[in-house]
**Q** 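Quick one: the structure is below, questions incoming.
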Amino acid sequence: MDANELKAIAQAMVANGKGILAADESFSTANKRFEKLGILQTEEMRRAYREMLFTAAGVGNFFSGVILFDETIRQSTQASVPFPQVLKQAGIIPGIKVDLGVKPLALTPRELITEGLDGLRDRLIEYYKLGARFAKWRAVISIGNDRTPSQRCIETNAHVLARYAALCQENGIVPIVEPEVLMDGYHTLERSFDVHQAVLKTVFQQLYRQGIALDQMILKPSMVVPGQQSPEQVSVEQVAHATVRCLLDCVPASVPGCAFLSGGQGDEQATDHLNAMNALYSGKLPWTLTFSYGRALQQAAMQTWMGRADQVAAAQRILYHRAESNSMAALGKYAGG
Ligand code: 13P
């Protein structure tokens, strides 16, 4: 493991105006999204869809990296170019989702724990050979009544995230540490802030315990927003202030950047929130704030593609537009449209 190499990759992942495309949907998530739109749920359709995303001309100006799924990192274009190679040729770093999804947390079945540590070292060695230079692990925390999330759920997920991050760094791979606090629920902005703060503080305590080099990782946080079912209305600026205040309180300055998930926000909303944070705090933050969106980058493109070869170019134009808009937002210069 070369520390300088990991540092350089982490910095490149959050380089000015660049962010990450999360295209690492598991079989079931990818199929669910296809099913909703009436797209056939086959390996070939998933491959064709990813080929549409990865071959969109010019997106390398906006994407520093793309997160792949186990199936995807082994797939190729119709012209037999492996996807990791396609990305590298476009100046994009290939990454890989390495968690194996969530299961009920034992003895607290309404809460979740992410699985996938067993055998992870061997999988990382293989993914490195396939071209991956960073990885992603998503922990899921939901906000319910006063006792949810439990301290046990937060601590267990944080511990697992830190053990994953250690294995990544040992094997020359930059870990994206993703503790997602879900938007589902009736909670207020303030409660979201408190839960984010508790989660992020615990995550960094565990990263410290496991000896993680903080300058060789990327944080992928959720934004501090009220629950989706909450009647509370907040402005873009309120979300920006709450999110940045929380990150300033919890994220050490040595972390190169935070790349947000979109978590079910609308495309424009996710862009507006990121833009507001960067515009309001320009020059005042120790780390970069950028995007690592899945749905907010892909949704509109998928709806245009619909599994049709004659729609590839139109879908790629939409992806390009979302990528460019978020790139501007990562600079705090998005003017809408
Ligand atoms: P969304 O932006 O759709 O939340 O996905 C990002 C991601 O990678 C979740 O793990």
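All ligand and atom numbering here is 1-based and tracks the order in the structure. What you see below is based on every heavy atom in this structure, not just the backbone, and it leaves out hydrogens, waters and symmetry mates. Please read all numbers here as calculations on a predicted model, not as lab measurements.
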**Q** Can you tell me which residue and heavy atom of the protein come closest to atom 5 (O) of ligand 1, and the distance to 0.1 Å?
**A** G294 N, 3.5 Å
**Q** Decide whether an N or O pair under 3.5 Å exists between Y293 and ligand 1.
**A**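 Y293 vs ligand 1: no N/O contact under 3.5 Å.
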**Q** According to the interplanar angle, ranging from 0 to 90°, do the rings of Y49 and W305 count as parallel (below 30°), tilted (30 to 60°) or perpendicular (above 60°)?
**A**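 Correct class here is tilted.
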**Q** Listed by chain and number, what are the side chain to side chain donor-acceptor pair (under 3.5 Å) partners of Q210, not counting sequence neighbours?
**A**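 Q210 satisfies side chain to side chain donor-acceptor pair (under 3.5 Å) with no other residue.
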**Q** Show me the side-chain donor-acceptor pairs of residues 255-265 shorter than 3.5 Å, one per line, residues at least two apart or across chains.
**A**
| from | atom 1 | to | atom 2 | distance (Å) |
| --- | --- | --- | --- | --- |
| S262 | OG | A296 | N | 3.3 |
| Q265 | OE1 | H273 | ND1 | 2.7 |

**Q** Above 12 or not: heavy atoms from other molecules or residues under 6.0 Å from CD of Q151?
**A**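 Yes, the 6.0 Å shell around CD holds more than 12 heavy atoms from other groups.
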**Q** Take a 6.0 Å sphere around CZ of R110 and say whether it holds more than 12 heavy atoms from other residues, nucleotides or ligands.
**A**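 Above 12, so yes.
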**Q** With a cut-off of 4.0 Å, which atoms of ligand 1 are near a heavy atom of S292?
**A**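 Reading through ligand 1 atom by atom, the close ones are 6 (C).
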**Q** Return the residue, atom name and 0.1 Å-rounded distance of the protein heavy atom closest to atom 4 (O) of ligand 1.
**A**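 Checking every protein heavy atom, the shortest distance to atom 4 (O) of ligand 1 gives G263 N, 2.7 Å.
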**Q** Among all protein non-hydrogen atoms, which one is nearest to atom 2 (O) of ligand 1, and what is the separation to 0.1 Å?
**A** S262 OG, 2.4 Å
**Q** Which residue and non-hydrogen atom of the protein lie closest to atom 9 (C) of ligand 1, and at what distance in Å?
**A**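 Going atom by atom, the protein heavy atom closest to atom 9 (C) of ligand 1 ends up being E178 OE2, 3.2 Å.
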**Q** Quick one: do the T55 and Q316 side chains pair a donor with an acceptor below 3.5 Å?
**A**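 Per modelled atom types, T55 and Q316 side chains form a pair under 3.5 Å.
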**Q** Got the closest protein heavy atom to atom 8 (O) of ligand 1, with its distance?
**A** K220 NZ, 2.6 Å
**Q** For ligand 1, indicate whether the residue R138 contacts it via side chain, backbone, both or neither (heavy-atom separation under 4.0 Å).
**A** side chain
**Q** For A270, which part has a heavy atom under 4.0 Å from ligand 1: side chain, backbone, both, or neither?
**A** neither
**Q** With a 6.0 Å cut-off (strictly less than), is the heavy-atom count around CD of E190, excluding the residue itself, greater than 12?
**A**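 Result for CD/E190: open.
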**Q** What's the shortest distance from atom 10 (O) of ligand 1 to any protein heavy atom, and which residue and atom give it?
**A** K136 NZ, 2.5 Å
